[in-house]
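The structure under discussion appears below in the form of structure tokens.
We use all heavy atoms of the structure for the numbers below, so side chains are in, but hydrogens, waters and symmetry mates are not.
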Amino acid sequence: MVFILAGVAMATFLSRVPQVRDLLHLTPGRLGRVLLMTAIGSVVSLPLSGMVVRRFGTRRTVAVMSIVTVSGIAVAGLGSEVNAFVVGAGLMFAGFGMGQWDVAMNVEAAAVEQRLGRSVMSRYHAAFSVGTVAGAVLGAGANKAHIRPAVHLVVVMILAGIGTVGATANFLGEADHGEAEAKTSGHPLQAWTEPRTLLIGLFVLCIAFAEGTGNDWLGVAAIDGYKASAATGSLAFVVFVVAMTTGRWFGPQLLDRFGRVPVLRACAAGGLIGVTLVVVGPGIGLAFAGIVLWGLGASLGFPTGMSAAADDPTLAAGRVSAVATIGYCAFLAGPSLIGMIGDHTGVRRALTLTAAVLAVGFATAGATRPRKESSAFASNPEPRHG
């Protein structure tokens, strides 16, 4: 529920961005600066999240930061009736809250995964995707009903906040995932000095780059690169999201059977092949086959990277915080980098960079191998038959 509502909160605002732009008469450049405030809030928040989670625990962090997030989005909605400064301020607070919320719910999900003794993390991320779809559908309905963004966002955020706080009541206790022990262990910022953690972060960055560029540029690449219709461009994005969600839902079975490293390397290789088909394919049909491979290839990297960072429950908060911070850099920088290259080569050719980044992801996937001293259910299924 917490993952779903996080997706709902984010997508609800994004679904109303065009109406906010129109109400405030924002130019594309000014709108971009307003939306950048979310990223600024997240960049400030993520490096601090390990210390916050260790100090207050996942339950209180998610409860409080979800309220910060939904309050920020509600303020942004109200700002659509005032001015762009209020919208930007609300989005900065929302980004700050979402960064903490994101890390804390991943730490909690990793603890549940370890308690179950099987891979489930990617299904939580699939739930987040379901939440974004739900938020987008609600937004479309509000648009059709001519509900003003301020009313729509405030109502949905109140419900999302209540639902999230209520869901945290059923989180595991501190003793169940090492938070009590963590308060006497090393400082969370020490994670930034650990080679394994940094390599996991690099792997997650590579997969996040593939995910972010696919979300933002596949539709444009189909339209500009293959002269497809606008409807076909939208379909390209839908196919990518469906492939991602499918991979995240069914991927745990593969992770439990074959282990993290082989599955993640296969995903990176499949994604690389998919991107290559999109870039050099002779027609839109083969490009769609590439989109499916691309989506499946990018599906498991981010959630499994979170699981790998949290292998040792007593140090999970700091490591998940570090990995998430590194990974989110790809979501912030990747789409704009493709855009800059695309100005000179065209978007379709610019996506070659995504293939190169996935090759780095293939090479660094070995960093996700479970530590010997921690639960190794994801890579060594044999003991489960004993």
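- Using a 4.5 Å heavy-atom cutoff, the side chains of V68 and W101 are not in contact.
- Every residue two or more places apart in sequence or in another chain that forms a side-chain contact (heavy atoms from CB on, under 4.5 Å) with R196 is listed here: I200, R260, A308, D311, R371.
- Considering all non-hydrogen atoms of both residues, G270 and L293 come closest at O-CB, 3.6 Å.
- Hydrophobic clustering (side-chain heavy atoms under 4.5 Å, transitive across Ile, Leu, Val, Met, Phe, Trp, Tyr) groups V239 together with Y226.
- Within the 4.5 Å cutoff, side-chain heavy atoms of T213 are placed close to those of W294.
- The backbone N or O of R59 lies less than 3.5 Å from no partner atom in the side chain of E108, so there is not a single donor-acceptor pair.
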Could you give me the CA-CA distance, side-chain angles and deciding distance for R16 and N143, then say whether side-chain contact (heavy atoms from CB on, under 4.5 Å) is met? CA-CA 8 Å; R16 302 309 302 267; N143 282 330; 2.8 Å; yes
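- In this structure, A210 and L358 approach most closely via the heavy-atom pair CB-CD2, 3.8 Å.
- By the side-chain contact (heavy atoms from CB on, under 4.5 Å) test, V43 is found to be paired with L332, residues two or more places apart in sequence or in another chain being considered.
- Side chain of R248 to backbone of S299: a donor-acceptor contact under 3.5 angstrom is found.
- Considering only heavy atoms from C-beta on, M157 stays 4.5 Å or farther from F13 through its side chain.
- The minimum heavy-atom distance between L23 and S80, with the atom names listed, is CB-O, 3.7 Å.
- Within 6.0 Å of atom CZ in F93, 12 or fewer heavy atoms from other residues, nucleotides or ligands are found, so the atom counts as exposed in its surroundings.
- Tracing side-chain contacts under 4.5 Å through hydrophobic residues (I, L, V, M, F, W, Y), one never reaches V75 starting from M37; they form parts of separate clusters.
- Tracing side-chain contacts under 4.5 Å through hydrophobic residues (I, L, V, M, F, W, Y), one reaches L235 starting from V292; they form part of the same cluster.
- A donor-acceptor contact shorter than 3.5 Å is absent between the side chain of Y124 and the backbone of P303.
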Given side-chain contact (heavy atoms from CB on, under 4.5 Å), test N170 with M1 step by step and report yes or no. CA-CA 11 Å; N170 294 307; M1 184 59 68; over 6 Å; no
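- S119 approaches L255 most closely through the heavy-atom pair OG-CB, 3.6 Å.
- Heavy atoms only, all atoms of each residue included: S129 and T132 are closest at O-OG1, 2.6 Å.
- Side-chain contact between F96 and M65 is present, with heavy atoms from C-beta onward closer than 4.5 Å.
- Rounding to the nearest 0.5 Å places CG of D102 at 12.5 Å from OG1 of T61.
- No donor-acceptor pair closer than 3.5 Å links the side chain of N106 to the backbone N or O of A109.
- Rounded to the nearest 0.5 angstrom, L26 CG and N83 CG are separated by 10.0 Å.
- The shortest distance between side-chain heavy atoms of T168 and R60 does not fall below 4.5 Å.
- Residues forming a ring-ring contact (aromatic ring centres under 6.0 Å, His included) with H125 (at least two apart in sequence, or on another chain): F3, F302.
- Between the side chain of R349 and the backbone N or O of V279, at least one donor-acceptor pair lies under 3.5 Å.
- S42 places no side-chain N or O within 3.5 Å of a backbone atom of G99 that could act as its donor or acceptor partner.
- L199 and I207 are not part of a single hydrophobic cluster, where members link through side-chain heavy atoms under 4.5 Å apart.
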Evaluate Q19 against H152 for side-chain contact (heavy atoms from CB on, under 4.5 Å), listing each step before the verdict. CA-CA 12 Å; Q19 289 71 48; H152 171 214; over 6 Å; no
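- Rounded to the nearest 0.5 angstrom, L277 CG and L286 CG are separated by 5.0 Å.
- Q100 contributes atom CD, which lies 13.0 Å from atom OG1 of T58 (distance to the nearest 0.5 angstrom).
- Panel note: side chain T245, backbone V242; no donor-acceptor pair is recorded below 3.5 Å.
- If you take CD1 on I284 and OG on S229, they are separated by 9.0 Å, rounding to the nearest 0.5 Å.
- Side-chain contact check for V156 versus V8: some heavy-atom pair is nearer than 4.5 Å.
- A donor-acceptor pair is defined here as one N or O able to donate and one able to accept, closer than 3.5 Å; no such pair exists between the side chain of Y328 and the backbone of A208.
- Side-chain atoms of S45 never come within 3.5 Å of backbone atoms of G41 as a donor-acceptor pair (strictly under, hydrogens ignored).
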Test side-chain contact (heavy atoms from CB on, under 4.5 Å) on L91 and V34; report intermediate values, then the result. CA-CA 8 Å; L91 291 180; V34 170; 4.0 Å; yes
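- Contact check for T197 versus W192: no side-chain heavy atoms found under the 4.5 Å cut-off.
- The minimum heavy-atom distance between A104 and V62, with the atom names listed, is CB-CG2, 3.5 Å.
- No continuous path of hydrophobic side-chain contacts links F362 to V278 [ILVMFWY only; heavy atoms under 4.5 Å].
- Atom CE in M340 sits 12.0 Å away from atom OG1 in T345 (nearest 0.5 Å).
- Between S66 and V165, the closest side-chain pair of non-hydrogen atoms falls below 4.5 Å.
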